[in-house]
Amino acid sequence: MNIADMVNVLNARILCGEDRLETKVYTACCSDLMSDVLAFVNEKTVLITGLTNPHVLRTADMLDLKCLVYARGKVPGDEILEQAEEQGLVVITTKETAFTACGLLYEAGLRGVPIEWPESEARP
Amino acid sequence: MSTLLHAEYPVDAEDYTRAGEASADIKRKLKQLGVSAQVLRRVAVASYEVELNLVIHSMGGTLTLEVSPERVRLISADRGPGIPNVELAMREGWSTANETARSLGFGAGMGLPNMKRNADEFDIESEVGRGTTIRMGFLLG
């Protein structure tokens, strides 16, 4: 699926990166915990979050993410969107809650980011 | 061993606004040196985590980047307060972060484990009242 497909599925509004909607996304992660995102997410993943502070962008920058989805109609400030544009991120916002947004994307075929469990750590 | 790059970044305690700037610069510099995307991502994640730890937990410190042809090294050295129980601090989910850090999406107790997972070499020394030093190495090539 590409970002344009996600926009359709979520009936989302594009906040920045309109020229990059053809970018493909392979997996998804929904979290407000940036440390979890830093632990498990890779650059092919779309991040669904409700957190609108600059650390989401810094996290996205560290991981080379391509797309952020804000749930529950959240819209970050202009400064954040300018920074996102600079980073080449596509940012979209949907009126759906995070749970419903995830459900819709899952139904459309998108799957969660696979987690590799190191041998040293017991699987719960 | 020849050094290709050496840079030091002072990091202030509780400076949440600038937290991450050093890591962004480190990532940019390593990219310019032609470090592979895979290593770059691991360094960036570990660097961001350690920089946030300095902001959230320390009384201020310095993040140092050293690049040789063999490895990227990141060294975080702070002025205290030190970690009373390093074994506990290394455990996933253990956190002593305050509400401010948590409200920004951090303090989930993933920082140190994330660093260890991403680095090829990881070493932590801490003494209460003196401070904490974390050394990480990432092999190149």
Side-chain angles (χ1 to χ4, degrees), chain A residues 26-27 29-45 47-66 68-72 74 76-77 79-80 82-89 98 113-124, chain B residues 15-28 30-31 35-53 55-57 74 89-97 100-120 122:
Chain A
Y26 297 87
T27 50
C29 171
C30 177
S31 184
D32 288 348
L33 283 177
M34 291 305 110
S35 280
D36 275 2
V37 175
L38 286 165
F40 301 121
V41 169
N42 61 49
E43 74 283 1
K44 293 175 173 175
T45 304
L47 175 62
I48 301 142
T49 187
L51 206 60
T52 53
N53 70 49
H55 290 285
V56 176
L57 286 198
R58 295 236 165 95
T59 301
D61 188 23
M62 294 303 128
L63 296 166
D64 292 323
L65 300 190
K66 307 289 186 284
L68 278 185
V69 178
Y70 283 110
R72 211 165 51 73
K74 290 198 180 182
E79 261 177 47
I80 293 200
E82 280 163 28
Q83 177 65 32
E85 186 63 48
E86 227 170 88
Q87 283 176 216
L89 262 179
V113 62
I115 292 181
E116 286 168 30
W117 296 89
E119 278 176 29
S120 58
E121 289 169 32
R123 195 185 254 268
Chain B
D15 189 354
Y16 291 97
T17 321
R18 294 192 58 202
E21 284 183 5
S23 301
D25 193 66
I26 286 170
K27 191 181 178 210
R28 195 162 43 236
L30 294 177
K31 200 172 184 178
V35 171
S36 75
Q38 205 257 345
V39 174
L40 193 60
R41 203 178 74 88
R42 289 197 287 122
V43 176
V45 168
S47 164
Y48 191 37
E49 288 283 17
V50 83
E51 184 179 359
L52 278 158
N53 265 18
V55 171
I56 296 169
H57 298 289
L74 284 179
M90 288 302 301
R91 208 178 284 173
E92 247 180 43
W94 172 261
S95 176
T96 57
T100 312
R102 288 173 198 266
S103 71
L104 293 171
F106 299 99
M110 295 296 288
L112 288 170
N114 263 357
M115 291 173 218
K116 195 176 178 188
R117 187 181 290 144
N118 280 287
D120 295 308
F122 178 89

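Small disclaimer: the values here were computed from a predicted structure and weren't measured. Every chain is numbered from 1, with letters handed out A, B, ... down the list of sequences.
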Colleague: Ignoring hydrogens, what is the shortest heavy-atom contact between B:Ser23 and A:Met62? Give both atom names and the distance.
Modeller: C-CE, 3.8 Å

Colleague: Please state whether the side chain, the backbone, both or neither of A:Ser31 comes within less than 4.5 Å of a heavy atom of chain B.
Modeller: neither

Colleague: Between B:Ala46 and chain A, with a heavy-atom cut-off of 4.5 Å, which part of the residue counts as in contact: side chain, backbone, both or neither?
Modeller: neither

Colleague: What are the two closest non-hydrogen atoms of B:Thr17 and A:Arg58, and how far apart are they?
Modeller: O-NH1, 3.3 Å

Colleague: Taking atom CG of A:Leu33 and atom CZ of B:Arg102, what is their separation to the nearest 0.5 Å?
Modeller: 9.5 Å

Colleague: Would you give the length of the straight line joining atom CG of B:Leu52 to atom OG1 of A:Thr59, rounded to the nearest 0.5 angstrom?
Modeller: 7.5 Å

Colleague: Provide the closest heavy-atom pair for A:Leu38 versus B:Glu49 in the form atom of the first, atom of the second, distance.
Modeller: CD1-OE2, 3.6 Å

Colleague: By side-chain hydrogen bond (donor to acceptor under 3.5 Å, both in side chains), which residues pair with A:Asp64, not counting sequence neighbours?
Modeller: B:Lys27

Colleague: Which answer fits A:Leu63, side chain, backbone, both or neither, if we ask what part of it has an atom under 4.5 Å from a heavy atom of chain B?
Modeller: both

Colleague: B:Phe106 vs A:His55 aromatic rings, parallel, tilted or perpendicular, using cut-offs 30° and 60°?
Modeller: perpendicular

Colleague: Tell me the closest heavy-atom pair linking B:Asn114 and A:Ser35, and the distance in Å.
Modeller: ND2-O, 3.1 Å

Colleague: What pair of heavy atoms forms the shortest contact from B:Ser103 to A:Leu51, and how long is it?
Modeller: O-CD1, 3.7 Å

Colleague: Kindly write out the residues that satisfy side-chain hydrogen bond (donor to acceptor under 3.5 Å, both in side chains) with A:Lys66, not counting sequence neighbours, or none if the list is empty.
Modeller: none

Colleague: If every non-hydrogen atom of B:Ala24 is compared with every non-hydrogen atom of A:Asp61, which pair is closest and at what distance?
Modeller: CB-OD2, 4.2 Å

